[in-house]
Undergrad: 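One structure, as structure tokens, below. Some questions next.
Throughout, residue positions are numbered sequentially from 1 according to the sequence presented.
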Amino acid sequence: MPVRGHAGAQGGLLRNRDTGLSTHLADAPAPGWFTTMIRPASAPYRLEDMAEDAVAVLDALGWESAHLVGTSPGGMIAQTLAIRHPSRVRTLTSIMSTPAARIGTMPRMATLKAILKISGMPVTSPDQAAREAVAMKRLIGSPRYPFDEREVGDIGRRSYERHPGTPEGDARQRAAVAVSGDRRKALAKVRVPTLVLHGEDDPVIRLKAGQAGAVVTDASSRRGSRSCACAARPSARRG
């Protein structure tokens with residue numbers, strides 16, 4: 001979705017496949033975590049495919065290149081796009097993300113149980129979606145930056161009205177993340193100006209994930225790229 005910014009700058013908001021009004025692969029398999037781990041080929045698509053979706057959007061908009069900003073799995077997709085198509089990337093900003101599915105992606109058990117409890121509640125109406133969004137924000141949001149419950153609830157409500165999503169779609173996206181490997185060696189070769197932002201107290205994707213990405217891009221900078229890295233926002237969790 002293209003948007004107009006300051007001084008005539010243009011921006012675009014991309015919804016990944018299997019989310020929102022993007023394409024939903026309803027006929028594709030939706031493997032669980034265990035199946036994905038023992039049989040990676042069971043994943044119907046990977047982050048590489050999702051990065052190619054983003055390139056297709058750039059092509060459709062007629063943009064030769066863009067400043068990429070991605071959060072969580074979006075950061076992983078942006079990293080992958082920068083690796084595969086560096087000429088299409090002016091700058092890369094990776095927020096509360098990780099360069100590998102096995103780095104920093106296991107929350108503490110108490111947090112995981114709370115997430116599963118909230119996400120396991122049936123959501124069959126916009127109002128329920130609003131309550132779920134607020135509950136999740138309370139759990140994983142930044143403690144030092146109070147949020148507007150009405151605004152977050154409204155986002156949850158409107159997102160549901162646009163498309164309620166499906167558990168199968170969520171499973172396919174998780175599978176894509178799980179099977180897409182470790183990008184650190186490839187990211188170390190990227191010569192794109194890069195910023196890594198991560199909250200020190202992020203309970204979902206832990207700080208060491210952001211630090212791993214920051215170390216890679218900082219090492220790349222010392223070898224002569226234009227990259228820079230910022231490892232953490234003090235005492236912040238997920239915005």
Undergrad: Test your reading of the model: is there a side-chain donor-acceptor pair from R191 to the backbone of K189, 3.5 Å cut-off?
TA: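 Yes, because the side chain of R191 sits within donor-acceptor range (under 3.5 Å) of the backbone of K189.
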Undergrad: Is there a chain of hydrophobic side chains (I, L, V, M, F, W, Y, each step under 4.5 Å between heavy atoms) that links W33 to I38?
TA: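 Hydrophobic grouping puts W33 with I38.
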Undergrad: Any side-chain heavy atom of M106 sitting closer than 4.5 Å to one from R206?
TA: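 In short, these two side chains do not touch, never coming nearer than 4.5 Å.
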Undergrad: Determine the minimum heavy-atom distance between S72 and I205, stating which atoms define it.
TA: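 Looking at all heavy atoms of both residues, the closest pair is OG-CD1, 3.5 Å.
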Undergrad: Taking S22 for its side chain and T19 for its backbone only, find out whether a donor-acceptor pair lies under 3.5 Å.
TA: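 Pair absent, no side-chain N/O of S22 close to backbone of T19.
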Undergrad: To the nearest 0.5 Å, how far apart are CG in D53 and CG in L58?
TA: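 Reported to 0.5 Å precision, the distance equals 11.5 Å.
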Undergrad: Is it true that D182 and R184 make a salt bridge, defined as a side-chain N closer than 4.0 Å to a carboxylate O?
TA: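 Looking at R184 together with D182, the answer is yes, because their closest N to O distance falls below 4.0 Å.
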Undergrad: Would you mind reporting whether L139 and I118 have side-chain heavy atoms less than 4.5 Å apart?
TA: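 With C-beta onward as the side chain, the pair touches.
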Undergrad: Hydrophobic clusters join Ile, Leu, Val, Met, Phe, Trp and Tyr when side-chain heavy atoms are under 4.5 Å apart, directly or via other members; which others share one with Y160?
TA: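 Taking Ile, Leu, Val, Met, Phe, Trp and Tyr as members, Y160 shares its hydrophobic cluster with V123.
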Undergrad: Going only through I, L, V, M, F, W and Y residues with side-chain contacts under 4.5 Å, is there a path from L112 to V204?
TA: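 No, because L112 and V204 fall into different hydrophobic clusters, even though each may have its own neighbours under 4.5 Å.
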Undergrad: Between H85 (side chain) and S87 (backbone), is there a donor-acceptor pair under 3.5 Å?
TA: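 Not a single qualifying donor-acceptor pair exists.
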Undergrad: Might you point out which heavy atoms bring L81 and A54 nearest each other, and give the distance in Å?
TA: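 Taking L81 first and A54 second, the nearest heavy atoms are CD1-CB, 3.5 Å.
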Undergrad: Are side-chain heavy atoms of P29 and P44 found at a separation under 4.5 Å?
TA: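 Yes, their side chains come closer than 4.5 Å.
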Undergrad: Whether the side chain of T35 engages the backbone of P31 through a donor-acceptor N/O pair (distance < 3.5 Å, no angle test) should be reported.
TA: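 Pair absent, no side-chain N/O of T35 close to backbone of P31.
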Undergrad: Do D127 and R131 meet the salt-bridge criterion of a basic N to acidic O distance under 4.0 Å?
TA: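 No, R131 and D127 are not salt-bridged.
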Undergrad: Is R88 reaching over with its side chain to a backbone N or O of E64, donor-acceptor style, under 3.5 angstrom?
TA: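 Checked: pair present.
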Undergrad: For S65, check side chain to side chain donor-acceptor pair (under 3.5 Å) against everything at least two apart and list the hits.
TA: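 For S65 the side chain to side chain donor-acceptor pair (under 3.5 Å) partners, ignoring immediate neighbours, are R90.
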Undergrad: Are side-chain N/O atoms of H24 and E168 paired as donor and acceptor at under 3.5 Å?
TA: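 The criterion, which ignores hydrogens and geometry beyond distance, is not satisfied for E168 and H24.
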Undergrad: List the atom of V89, the atom of A82, and the distance in Å for their closest heavy-atom pair.
TA: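 Minimum heavy-atom separation between V89 and A82: CG2-CA, 3.8 Å.
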Undergrad: Can any side-chain N or O of T98 pair as donor or acceptor with the backbone N or O of I103 at less than 3.5 Å?
TA: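 Side chain of T98 to backbone of I103, a donor-acceptor pair under 3.5 Å: yes, one is there.
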Undergrad: Between Q128 (side chain only) and T124 (backbone N and O only), is there a donor and an acceptor less than 3.5 Å apart?
TA: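 Yes, because the side chain of Q128 sits within donor-acceptor range (under 3.5 Å) of the backbone of T124.
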Undergrad: For a quick test of reading the model, state the closest non-hydrogen atom pair linking S180 to R46 and the distance between them.
TA: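 Nearest heavy atoms, S180 then R46: OG-CB, 3.5 Å.
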Undergrad: So which heavy atom on L92 is nearest to which on V192, and how close?
TA: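 Smallest interatomic distance, heavy atoms only, reads N-CG1, 3.9 Å.
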Undergrad: Rounded at 0.5 Å granularity, tell me how far CG in D202 sits from NZ in K208.
TA: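 Spacing of CG (D202) from NZ (K208) equals 13.0 Å.
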Undergrad: So which atom in A43 and which in V179 form the shortest heavy-atom distance, rounded to 0.1 Å?
TA: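 Reported closest heavy-atom pair: CB-CG2, 3.7 Å.
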Undergrad: For T80 and E48, test the side chains for any donor-to-acceptor distance below 3.5 angstrom and give the result as yes or no.
TA: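 No, because no side-chain N or O of T80 sits under 3.5 Å from a partner of the opposite role on E48.
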Undergrad: Quick check: does any side chain N or O of T71 sit under 3.5 Å from a backbone N or O of G74, one acting as donor and the other as acceptor?
TA: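 Checking the backbone N and O of G74 against the side chain of T71, no donor-acceptor pair under 3.5 Å is found.
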Undergrad: Please check this pair: side chain of S97 against backbone of M76, looking for a donor-acceptor N/O pair closer than 3.5 Å.
TA: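 Confirmed, S97 side chain pairs with M76 backbone.
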Undergrad: Mind checking side chain to side chain contact (heavy atoms under 4.5 Å, CB included) for L25 and listing every partner two or more places apart, or none if nothing turns up?
TA: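 Only R17, D18, T23, A28, Y45, R172 meet the side chain to side chain contact (heavy atoms under 4.5 Å, CB included) criterion with L25.
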Undergrad: Without swapping roles, check the side chain of R162 against the backbone of R157 for a donor-acceptor pair under 3.5 Å.
TA: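 Judged by distance alone, no pair lies under 3.5 Å.
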Undergrad: Evaluate salt bridge (charged side-chain N to carboxylate O under 4.0 Å, His left out) for K137 paired with D148, printing each intermediate quantity in order.
TA: CA-CA 10 Å; K137 190 72 169 181; D148 187 327; over 6 Å; no
Undergrad: Indicate yes or no: does E149 engage R138 in a salt bridge with an N to O separation below 4.0 Å.
TA: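 Yes, charged N to carboxylate O under 4.0 Å.
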